[in-house]
Amino acid sequence: MKVLVVGGGGREHALVWKLADSPMVDRLFCAPGNAGIAQQAECVDIAATDIPRLRRFARDNAIDLTVAGPEAPLVKGIVDAFKPAGLKVFGPTQQAAKIEGSKVFAKQLMERHGIPTAPFRVFNAPERAKSYLEMVGAPIVVKADGLAAGKAVIVCQALKEAYEAVDRIMIRKEFGDAGDQIIIESCLTGEEASIIAFTDGRTIAVLPSSQDHKPIHDGDKGPNTGGMGAYSPAPVITEELTAQIERKILVQTVHAMNREGKPYRGTLYAGIMVTDDGPQVLEFNCRLGDPELQPLIMRLKGDLMPILLGTVDGTLEDVDIDWDPRPALCVVMASGGYPAGYDKGFPIEGLEDVAKMEDVVVFHAGTALDDGRVVTNGGRVLGVTARGDSIQAAKDRAYEAAQKIHFENAYYRTDIGQKAIDRLAASESG
Ligand code: AMP
Ligand code: GLY
């Protein structure tokens, strides 16, 4: 089969890395890809959101399956646009992708169907939003309705910050149309985890748990990023919690989407806060997590293609999915300055050394080829990912690899996985 992966980040490298091994895949393309992806797939210079050109490419090259990595093409309707041409895409339709594309839609869906999430109100005028804030006080969370690469969620410890958040989103329009409506919701406390599932609308295949590290600095300090590292499994998600999340959140959501005439097929990603009142949904995403997929893909045994095809074709029930019990952990190496401004184009050294290490894979995110050399080309540059017999062992190995890689102004957190290691140590001692 011919497969096209859409996107060019770490998640798409993880998809390409796995698909390159599939006996079912004869030719693998990626649009636009990156320097790492170029080693395993034929990169095509088309932006991930240029749906007309992607469709032409898929038609002209008789692509059997297109896998949309990021949310933007899904929310823009890539599945719907490809369908009349008889082209298969892994992912939800535009209507179903609203679960990520509109936070107002997602919150109201949860409210209508009793899916646990923080209490909230929706506003489309800043004055009303501020009067409400004055009434409820801080801490409080202000979120823009639309897509903003995770940046338009502002957790406010003081009322002043919350007013400022409303101004940024609704008056200064820092996130464009995404801020036409906002949500103000109660602040939840607890530990976060990502629960990701494949679903064809009938069967739900839940992947092992994982945990992202969103803030830029150690100890979860500083502004949020796209994710500075991840590991799987996440010990905070016990077996009992997994069962609860599956029953009360994932199954309910897939049913709710069916009942509301928006059948859901693809990846359903629930960002969960484990609170004293049980698991609550922070957000839904309509695609795989980045960087969560990097450790997850290293734990997936066997072929990814039957899972993707089963999801698209509605036959997921017949697909067996096996996971390596060994944990995996990904350390994101970023450009200094990210998530604000940073320079690009610095050569990356040490990749050949790390390629020799066992149980280590370096997934490329923001990289490019310049005269045959791999150079930095984005905020998140690499996802150095390792497997080990324990989270500690995976962590040690991932950091050993990261230390062999050099580029100017490289920055990474030094505590990826520490929360899990501490939790495991506490449960052993007590
Ligand atoms: P989201 O994109 O909605 O997942 O939000 C990004 C991040 O903001 C989450 O990973 C949480 O760390 C934080 N967040 C979102 N909603 C809440 C909430 N209701 N209470 C506390 N933190 C939140
Ligand atoms: N790692 C967070 C996300 O993919 O949204």
Side-chain angles (χ1 to χ4, degrees), residues 2-20 22 25 27-58 61 63-79 81-82 87-92 94 97 100-101 147-150 194 196 198 212 225-227 230 266-269 285-297 300 304-305 307-308 311-312 330 332 334 361-369 376-383 385:
K2 291 190 201 170
V3 177
L4 167 66
V5 174
V6 174
R11 165 184 46 217
E12 289 74 34
H13 192 189
L15 287 166
V16 162
W17 175 80
K18 193 70 183 171
L19 289 171
S22 168
V25 177
R27 266 185 98 177
L28 187 53
F29 299 93
C30 187
N34 61 36
I37 290 173
Q39 292 171 12
Q40 282 130 6
E42 299 171 50
C43 290
V44 187
D45 189 16
I46 305 177
T49 48
D50 190 345
I51 293 174
R53 282 189 65 206
L54 290 169
R55 182 175 50 194
R56 208 169 315 132
F57 178 85
N61 291 279
I63 298 294
D64 299 290
L65 178 68
T66 298
V67 185
E71 60 279 13
L74 292 165
V75 170
K76 242 181 137 179
I78 189 170
V79 174
F82 275 43
L87 296 165
K88 271 186 201 179
V89 186
F90 173 84
Q94 184 168 33
E100 175 166 5
L147 287 187
S194 306
I196 302 176
F198 294 119
D212 187 12
T225 67
T267 308
L268 181 62
Y269 163 145
N285 293 318
C286 64
R287 36 83 194 165
L288 288 153
D290 186 349
E292 291 96 319
L293 181 62
Q294 287 83 315
L296 283 168
I297 208 88
L300 175 62
L304 177 61
M305 273 303 272
I307 305 174
L308 300 179
T311 303
V312 178
C330 168
V332 170
V361 182
V362 178
F363 295 109
H364 289 224
T367 68
L369 283 172
T376 65
N377 191 41
R380 292 190 291 172
V381 177
L382 301 168
T385 312

| request: Carefully, step by step, assess Val79 and Gln94 under the rule side-chain contact (heavy atoms from CB on, under 4.5 Å). | output: CA-CA 7 Å; Val79 174; Gln94 184 168 33; over 6 Å; no
| said: side-chain contact (heavy atoms from CB on, under 4.5 Å) for Leu296 and Leu288? Distances and angles first, verdict last. | reply: CA-CA 10 Å; Leu296 283 168; Leu288 288 153; 5.8 Å; no
| task | Decide yes or no on side-chain contact (heavy atoms from CB on, under 4.5 Å) for Val381 and Thr367, but give the supporting numbers first. | result | CA-CA 6 Å; Val381 177; Thr367 68; 4.0 Å; yes
| said: The test is side-chain contact (heavy atoms from CB on, under 4.5 Å); show your working for Cys30 and Leu28 and say whether it passes. | reply: CA-CA 7 Å; Cys30 187; Leu28 187 53; over 6 Å; no
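If you check the side chains of Gln294 and Thr385, you find no donor sitting under 3.5 Å from an acceptor.
With hydrogens and angles disregarded, a donor-acceptor distance shorter than 3.5 Å links the side chain of Arg380 to the backbone of Gly227. The closest donor-acceptor contact from the side chain of Asp290 to the backbone of Arg11 lies under 3.5 Å. In this structure, the side chain of Glu100 engages the main chain of Cys286 through a donor-acceptor pair within 3.5 Å.
To the nearest 0.5 Å, atoms CZ (Arg27) and NZ (Lys2) are separated by 6.0 Å. To the nearest 0.5 Å, atom CZ of residue Phe82 and atom CG of residue Leu4 are 6.5 Å apart. Rounded to the nearest 0.5 Å, atoms NZ (Lys18) and CD (Gln40) are 12.0 Å apart.
Considering only residues two or more places apart in sequence or on other chains, Phe57 meets the ring pair (Phe, Tyr, Trp, His ring centres under 6.0 Å) condition with Phe29. Residues satisfying the side chain to side chain contact (heavy atoms under 4.5 Å, CB included) test with Glu12, not counting sequence neighbours, are Val5, Ile37, Pro70.
In plain terms, the two heavy atoms of Gly266 and Thr311 that are nearest each other are N-CG2, 3.4 Å. When all heavy atoms of Cys43 and Asn34 are compared, the pair lying nearest together is SG-O, 4.0 Å. Closest heavy-atom contact between Pro291 and Asp212: CD-OD1, 3.4 Å. Shown here for Ser194 and Glu292, the closest heavy-atom pair between the two residues is OG-OE2, 2.6 Å. The two atoms that bring Pro295 and Cys330 nearest to each other are CD-CB, 3.7 Å, heavy atoms only. The two residues Val16 and Ala41 come nearest to each other via the heavy atoms CG1-CB, 3.8 Å.
Between Lys88 and Asp64, the closest side-chain pair of non-hydrogen atoms is not below 4.5 Å. In this structure, the side chains of Leu308 and Val67 come closer than 4.5 Å at one or more pairs of heavy atoms. Residues Ser22 and Leu304 have side chains not in contact (no heavy-atom distance under 4.5 Å, counting atoms from C-beta outward). With a 4.5 Å cut-off on side-chain heavy atoms, Thr66 and Leu87 do not count as touching. Residues Leu65 and Met305 are in side-chain contact: their nearest non-hydrogen atoms beyond the backbone lie under 4.5 Å apart. In this structure the side chain of Leu382 reaches within 4.5 angstrom of the side chain of His364, judged on heavy atoms. Looking at Phe363 and Ile297, their side chains come closer than 4.5 Å, going by heavy atoms from C-beta outward.
Residue pairs meeting the side-chain hydrogen bond (donor to acceptor under 3.5 Å, both in side chains) criterion with at least one member in residues 45-57, sequence neighbours excluded, do not occur.
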